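Residue numbers start at 1 and run along the sequence shown. All figures in this text were calculated on a predicted structure; none of them were measured in a lab. Values below: every heavy atom of this structure, side chains too, minus hydrogens, waters and symmetry copies.
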Amino acid sequence: MPLGTRIVREKETVRFMVGLYVRYKLRLKEWPDEYRQLVDYAERRLDRCRFGERKPTCKNCPIHCYMPEKRARIREVMRWVGPRMFLFAPLEAIRHLFRK
């Protein structure tokens, strides 16, 4: 199943946000396995999203496809990174706002 631009952008955003979290919140240069696995999991979920290119943001999706533990972890990352996106990556933050 070919991936369109929406899914690709979502994957890039998740990877970018987890990277910021690991670097600035956890203050680590190398990603712990836990966060590599989280990104891999998120990418697999995006690959299998039943809405495909018409997918809503995960926050607004009627189907929560993440396991509870993974969902809690990604929410923790997003909660910390979200308000700081304008500091770390203003252009990406603006793009993310328009995609919602």
Side-chain angles (χ1 to χ4, degrees):
M1 180 166 130
L3 294 179
T5 57
R6 171 85 182 185
I7 300 296
V8 171
R9 282 193 320 256
E10 292 274 337
K11 287 180 178 182
E12 290 170 355
T13 300
V14 168
R15 184 171 292 280
F16 182 75
M17 292 178 93
V18 171
L20 289 176
Y21 185 82
V22 168
R23 182 174 177 194
Y24 293 104
K25 170 71 170 157
L26 302 180
R27 299 184 187 277
L28 299 172
K29 291 181 181 181
E30 297 292 322
W31 284 30
D33 284 340
E34 170 185 2
Y35 291 95
R36 281 194 189 105
Q37 291 169 4
L38 180 63
V39 169
D40 290 344
Y41 179 80
E43 289 180 351
R44 283 193 310 274
R45 297 284 84 204
L46 285 165
D47 286 341
R48 292 180 178 93
C49 180
R50 71 176 356 167
F51 297 105
E53 287 301 302
R54 297 172 313 177
K55 88 177 265 348
T57 58
C58 293
K59 180 180 179 180
N60 297 321
C61 189
I63 301 166
H64 295 296
C65 61
Y66 280 39
M67 292 185 310
E69 176 190 326
K70 302 285 187 186
R71 187 168 180 219
R73 180 67 64 193
I74 201 75
R75 286 175 75 193
E76 176 185 321
V77 168
M78 299 290 175
R79 246 189 230 127
W80 189 87
V81 174
R84 294 164 178 85
M85 283 288 286
F86 281 102
L87 295 172
F88 296 124
L91 198 57
E92 181 62 30
I94 291 168
R95 284 189 197 123
H96 185 65
L97 284 175
F98 282 109
R99 284 193 295 251
K100 286 187 175 184

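Residues Met78 and Ile94 do not share a hydrophobic cluster, defined by chaining ILVMFWY side chains whose heavy atoms lie under 4.5 Å apart. Transitive grouping of hydrophobic side chains (ILVMFWY, heavy atoms separated by less than 4.5 Å) keeps Val39 and Ile7 in distinct clusters. Follow the hydrophobic side-chain contacts under 4.5 Å out from Phe16 and you never reach Leu46; the two are in separate clusters. By the criterion of side-chain heavy atoms lying less than 4.5 angstrom apart, applied directly or through intervening Ile, Leu, Val, Met, Phe, Trp or Tyr residues, Met67 is grouped together with Leu38 in one hydrophobic cluster. With hydrophobic clusters built from ILVMFWY side chains whose heavy atoms lie under 4.5 angstrom apart, Met85 shares a cluster with Ile74.
Qualifying ring pair (Phe, Tyr, Trp, His ring centres under 6.0 Å) partners for Phe88, counting only residues two or more places apart in sequence or in other chains: Tyr24.
Atom SG of Cys65 and atom NZ of Lys70 lie 13.0 Å apart (nearest 0.5 Å). To the nearest 0.5 Å, atoms CG (Asp47) and CD (Glu10) are separated by 12.0 Å. Here Lys11 contributes atom NZ and Arg45 contributes atom CZ; the two are 12.0 Å apart, rounded to the nearest 0.5 Å.
Nearest heavy atoms, Pro56 versus Pro62: CG-CD, 4.4 Å. Between Arg15 and Asp40, the shortest heavy-atom contact is NH2-OD1, 4.3 Å.
Note on residues 33-54: pairs passing ring pair (Phe, Tyr, Trp, His ring centres under 6.0 Å), not counting sequence neighbours, are Tyr21-Tyr35, Tyr41-Tyr66.
The shortest side-chain heavy-atom distance between Arg84 and Leu20 does not fall under the 4.5 Å cut-off.
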Would you give me the side-chain donor-acceptor pairs under 3.5 Å for residues 26-34, sequence neighbours excluded?
residue : atom : partner : partner atom : Å
Asp33   : OD1  : Arg36   : NH1          : 3.3
Glu34   : OE2  : Arg73   : NE           : 2.9
Glu34   : OE2  : Arg73   : NH2          : 2.8

